[in-house]
Amino acid sequence: MQKLSEFIESQVILPCDASDLNTMFESVARAAVKISAKVMRAGILDVLGSAGAENIQGEVQQKLDVLADEILIKSLGNSGLFAAAASEENEEIVIFEGSKSAPYVIAFDPLDGSSNIDVNVSIGTIFTIFRRVDQSKEVSVKDFFQAGDKQLAAGYVIYGTSTMMVMSTGNGLNAFTLNPDESTFYLTHADILIPKSGRIFSINEGNYSSFHQGLKRYIAWCKSDQTDLGSPYSARYIGSMVADIHRNFLKGGLFLYPPTTSSPNGKLRLLYECMPMAFLAENAGGKASTGLERILDLQVEGLHQRCPIYIGSANMVEKVINFLDNPDMQ
């Protein structure tokens, strides 16, 4: 099996120099190995529970959130290729003084699904890499304010029954499984293609009363015998975006996080959650939409900007958008 570094070196079509990509992915991989070790030992390392503070979104930070953020910042800064990083846990960008003229920036959610940490449910790290807007100028937050289709590479690491990195450099989707004995990721799922249709829909139905009428009709359709399967879909919702989307990428399905009364712009963050996941989905034949437009067409205007997301199997994304566009359809 190919190691992550060997895989990158073997690729013919890359968005930038292979050695740069290798170094950048290896910096993420090193951090992931350390985070994975902490996750596996969380119960005996006193890293469970609240850290006693809130992040910029007003969400209670978990101890492991903070620790994962620190591990990533250190590893990414040591790579020498990132001028700055944006993280869910930091209000402003983190500038790497030793490499602030470097050509790339990275944005990440250090530990997606952190509300599930204490109950031992799969969680993950999401990241995306951009080339800086103008390397001749001092690095700033403007280097992150780009359109989704400007991403050079993206991926996520899922900490579950095994630790896997799922990544794309714009030329397909591939997954690598960590061998903890060697602290090395090996290619185990090559050229992943998301099934055009699936039988799983993933949504927090606790917010049902504030959903768009078209979405309510879509959910009712999913539960009926009128689906394309001739039987109801299966509802599966873990509450960790990485875990829900990972399952649907492999088996086919749709993940939905729509706008609600309390979160009219959606809850998930565009830059380091929705954009990288949309990039991965499209590189595997899937789709990702806000319900109104393609997510990769969006322009980032704020580090912690939120947006709705409908992502997964192409036919299923198209179907839910059809319901949103035609709320009175039967």
Side-chain angles (χ1 to χ4, degrees), residues 1 3-4 7 25 28-45 47-49 62-65 67-69 71-72 75 88 108-128 154-168 173-195 198-204 234-255 257 268 272-274 276-277 280-281 284 286 309 311-313:
M1 290 188 290
K3 296 179 181 179
L4 174 61
F7 172 82
F25 271 102
V28 174
R30 282 194 297 272
V33 169
K34 293 179 181 179
I35 294 170
S36 178
K38 299 295 184 184
V39 169
M40 287 191 295
R41 297 170 177 81
I44 57 176
L45 291 179
V47 291
L48 292 178
Q62 303 296 311
K63 292 178 182 177
L64 208 51
D65 270 329
L67 184 58
D69 187 65
I71 290 172
L72 277 160
S75 183
E88 180 187 16
F108 59 86
D109 179 350
L111 219 50
D112 170 74
S114 58
S115 61
N116 284 319
I117 291 172
D118 291 357
V119 292
N120 203 22
V121 170
S122 296
I123 52 181
T125 298
I126 309 171
F127 64 94
T128 180
Y156 62 81
V157 181
I158 181 168
Y159 310 105
T161 51
S162 61
T163 295
M164 294 180 65
M165 179 187 290
V166 182
M167 54 78 79
S168 178
L173 186 68
N174 296 277
F176 301 77
T177 300
L178 175 66
N179 179 344
D181 293 333
E182 301 176 16
S183 296
T184 302
F185 284 91
Y186 286 93
L187 178 64
T188 52
H189 299 67
D191 299 318
I192 296 170
L193 290 176
I194 302 171
R199 59 178 311 126
I200 295 170
F201 71 103
S202 309
I203 189 171
N204 181 0
S234 296
R236 298 285 185 270
Y237 185 72
I238 298 169
S240 294
M241 183 191 192
V242 164
D244 279 308
I245 287 182
H246 182 70
R247 178 197 54 237
N248 292 351
F249 277 5
L250 296 180
K251 294 188 173 183
L254 178 67
F255 174 85
Y257 212 113
L268 299 177
Y272 44 80
E273 290 177 324
C274 297
M277 286 302 196
L280 299 177
I309 187 169
I311 181 173
S313 295

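Reckoned from all heavy atoms, side chains included, excluding hydrogens, waters and symmetry mates. Nothing fancy with the numbering, it's 1 onward along the sequence.
Between Met241 and Asp112, the shortest heavy-atom contact is N-OD2, 3.0 Å. Residues Ile194 and Ala281 approach most closely at CD1-O, 3.8 Å, considering heavy atoms.
Listed for the Asp109 side chain is no donor-acceptor partner under 3.5 Å among the backbone atoms of Glu273. With hydrogens and angles disregarded, no donor-acceptor distance shorter than 3.5 Å links the side chain of Asn248 to the backbone of Gly312. Counting only distance, with no hydrogens or angles, the side chain of Thr125 and the backbone of Leu111 share no donor-acceptor pair below 3.5 Å. Checked by atom type and distance alone, the side chain of Arg247 pairs as donor or acceptor with a backbone atom of Arg236 at under 3.5 Å. Between the side chain of Asp65 and the backbone N or O of Pro110 there is no donor-acceptor pair closer than 3.5 Å. A donor-acceptor contact shorter than 3.5 Å links the side chain of Ser240 to the backbone of Ser122. Listed for the Ser313 side chain is a donor-acceptor partner under 3.5 Å among the backbone atoms of Pro195.
Ring pair Phe249/Tyr156 is tilted by interplanar angle, where 30° to 60° counts as tilted.
Note that CZ of Phe108 and CG of Asp69 are 5.0 Å apart. Values are rounded to the nearest 0.5 Å. We find the CD1-CD1 distance between Ile123 and Ile238 to be 12.5 Å, quoted to the nearest 0.5 Å. Taken to the nearest 0.5 Å, the NZ atom of Lys251 stands 10.0 Å off from the NE2 atom of His246. Between the OG1 atom of Thr128 and the OH atom of Tyr272 there is a distance of 13.0 Å, given to the nearest 0.5 Å. From Ser36, atom OG reaches atom CD1 of Ile71 across 10.5 Å, with rounding to the nearest 0.5 Å. With values rounded to the nearest 0.5 angstrom, Leu268 atom CG is found 8.0 Å from Ile126 atom CD1.
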side-chain contact (heavy atoms from CB on, under 4.5 Å) evaluation trace for Phe185 with Val33: CA-CA 9 Å; Phe185 284 91; Val33 169; 4.0 Å; yes

Pair Ile35-Val157, side-chain contact (heavy atoms from CB on, under 4.5 Å): steps then yes or no: CA-CA 10 Å; Ile35 294 170; Val157 181; over 6 Å; no

One pair to check against side-chain contact (heavy atoms from CB on, under 4.5 Å): Met167 and Val28. What are the steps and the verdict? CA-CA 11 Å; Met167 54 78 79; Val28 174; over 6 Å; no

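Counting only heavy atoms from C-beta outward, the side chains of Phe255 and Met277 never approach each other to under 4.5 Å.
Residues passing the side chain to side chain contact (heavy atoms under 4.5 Å, CB included) test with Ser168, sequence neighbours excluded: Leu173, Phe279, Leu280, Asn283.
Applying the 6.0 Å contact sphere to CG of Asn120 captures no more than 12 heavy atoms from other residues, nucleotides or ligands.
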Would you list the atom pairs, donor with acceptor, under 3.5 Å between side chains in residues 174-182 and any protein atom, with sequence neighbours excluded?
residue : atom : partner : partner atom : Å
Asn174  : OD1  : Asp191  : N            : 2.8
Thr177  : OG1  : Thr188  : OG1          : 2.8
Asn179  : OD1  : Asp181  : N            : 3.0
Asn179  : ND2  : Glu182  : OE2          : 3.4
Glu182  : OE1  : Tyr186  : OH           : 2.4

